[in-house]
2 protein chains.
Amino acid sequence: MASVDRHRQIIDAVRQTGQRSVVELAELTSTSEMTIRRDLEILAEQGLLERYRGGARSLLLRGEEPPFALREHDGLQEKQRIATAVADMIADGEAVVIDSGTTCLGVARALTHRRLTVMPLSLHAANALVGAPRLRLLLPGGEPRPGELALTGPLTEASLAALRFDTAVIGCCGLNASNGLTAYDLADAAIKRAAMASAHRVIAVTEAAKLSRTALAFVAPASALHVVVTGDDAPDDEADALSAAGVVVRRV
Amino acid sequence: MASVDRHRQIIDAVRQTGQRSVVELAELTSTSEMTIRRDLEILAEQGLLERYRGGARSLLLRGEEPPFALREHDGLQEKQRIATAVADMIADGEAVVIDSGTTCLGVARALTHRRLTVMPLSLHAANALVGAPRLRLLLPGGEPRPGELALTGPLTEASLAALRFDTAVIGCCGLNASNGLTAYDLADAAIKRAAMASAHRVIAVTEAAKLSRTALAFVAPASALHVVVTGDDAPDDEADALSAAGVVVRRV
DNA sequence: CGTATCAAACAGGTTTCGTGTTTGAAATGT
DNA sequence: ACATTTCAAACACGAAACCTGTTTGATACG
């Protein structure tokens, strides 16, 4: 996993100053310039940065969501704990809709060997679940957003509107009692709302860090959630505020 | 690709006599019994055969469709030629629905770098198309059938019913003038019909071998097709019969 | 026109994967 | 109950794939 670390190093360096030269990056990572060029080519392909002659500039604007490929390796343990905790809350035979995002992908993986009906809202989760023998996999229609592979659009909303689930597992980009559940992407926000409307019980999952964050698109007030599963280092005041809004907060 | 060939050898041997012992297969492939056991484990996982102590028995019944993993490596060149021929028939800007199956997967791959709106009817094709920069990818809902990953069911039909395409690329398990277009799977047949109904032009793709075959589920008469693209070793009489039904036959 | 940057090709090193062997455990048959 | 067969796990070996650095000739920029 040496190359992955270097990629992250490059991304961070480029984001820090907006742009970096190939020579700088080669020095920083103590590799050859050729390796840096190959890395930049890969990262540019993923849309993480823009290549120009002699270097690269960042495409990650402040306040924007970092891309899936990066978030996937962040806080793995916390996500794992959250995922198993959520899996324990779901009973065999239930029909579950699982939102897009890395935390929800973890939940999907934790449900692989269960006997359930599952509708994932991203192709990442769908791919993780195909072939699961006891699982009934139901895919919504829609347009997969590049990278994230989250399904959005009228087809997705129509698919959700046609179904009723026992539980919705919703990810979020920001969540707190005052601003409610928020997302970076407007289309995503609409889908989250639709998924919540189609489910009897709503479980929100989020790393502790997101409790102090608020994203662009408002999805729903905290009171619309039944359970929030988050990390064990979630601040007490936020947890209390959510509890006061009638939400069951589970820190794992 | 040595192991792939051995797997095929094993499958063929097992299907030939219904079942084979581990010792027999080890001798036949001139490998160790341990390797055979590992192979059988893999193949059993794919649902290609059933393991029992000392050997394995075939699960491929006569007249049933061989699984995706096997067909994928069959007649690669013919499929490639068909795929490029179909791609040439499609103009930039069109909206295209692409059926499931290995031949259609080839067509999807051939369209990767085009400027089109594409709705694939299988997750295999969907995965091949995500990340294509100029492509607008539209996914139908539905339940992915294991292995094939073909999307079927009411959600799929609803997605298709809501849209109108310029071209439908349809695969088939059997096709000839007298029995029309046929498929192995009933649910698949319904989807093919829905896709054809939603498209202005219908292109059927099929290896030449399938022109002399007829599968269980009737989809549509040959006259419902506008173009058939097939291999260059397609028999003249079948091609003529299709032409007589008003279909343009393209042999590549 | 000179310099910097780049992409392709080659070579070395490392890692991963597949295979074979061994060993002890489990299952089957007598 | 015992002997035999079958199996799975562990280890070791070799081949293939991958990553990286260097070289070289081409291309872009000032």
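The sequence lines fix the lettering, A, B, ..., with proteins before strands; numbering per chain opens at 1. This is a predicted model, so every value here is computed, not measured.
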Exercise. Please confirm whether the backbone N or O of Ala187(B) pairs with a side-chain atom of Arg145(B), one donor and one acceptor, at under 3.5 Å?
Key: no
Quiz item: What string of B, S and - do you get for nucleotides 17-30 of chain C, 5' to 3', when a contact is any protein heavy atom under 4.0 Å?
Solution: --BBB----BSS--
Quiz item: Atom CD1 of Ile42(A) to atom C1' of dC19(D): distance rounded to whole Å?
Solution: 10 Å
Quiz item: How far apart are the C-alpha atoms of Val14(A) and Leu25(A), what are their side-chain angles, what is the distance that settles it, and do they pass the side-chain contact (heavy atoms from CB on, under 4.5 Å) test?
Solution: CA-CA 9 Å; Val14(A) 172; Leu25(A) 292 169; 4.3 Å; yes
Practice problem: Taking Thr230(A) for its side chain and Thr206(A) for its backbone only, find out whether a donor-acceptor pair lies under 3.5 Å. | Solution: yes
Quiz prompt | Atom-to-atom span, CG of Leu40(B) to C1' of dC7(D) - whole angstrom | solution = 12 Å
Quiz prompt | Spacing between Tyr52(A) atom OH and dT5(C) atom P, to the nearest angstrom | solution = 10 Å
Quiz item: To the nearest Å, how far apart are Glu27(A) CD and dG21(D) C1'?
Solution: 17 Å
Self-check item: Distance, rounded to the nearest Å, where Arg37(A) contributes CZ and dC19(D) contributes C1'
Solution: 17 Å
Exercise. Using the side-chain contact (heavy atoms from CB on, under 4.5 Å) rule, take Met34(B) and Arg37(B) through it: C-alpha gap first, then chi angles, then the decisive distance, then the call.
Key: CA-CA 5 Å; Met34(B) 196 58 230; Arg37(B) 290 199 188 94; 4.2 Å; yes
Quiz item: Do you know which of Ile42(A), Leu40(A), Leu43(A), Leu59(A) makes side-chain contact (heavy atoms from CB on, under 4.5 Å) with Leu48(A)?
Solution: Leu43(A)
Quiz item: Counting only N and O atoms by type, is there a donor-acceptor contact under 3.5 Å from the side chain of Thr102(B) to the main-chain atoms of Glu72(B)?
Solution: no
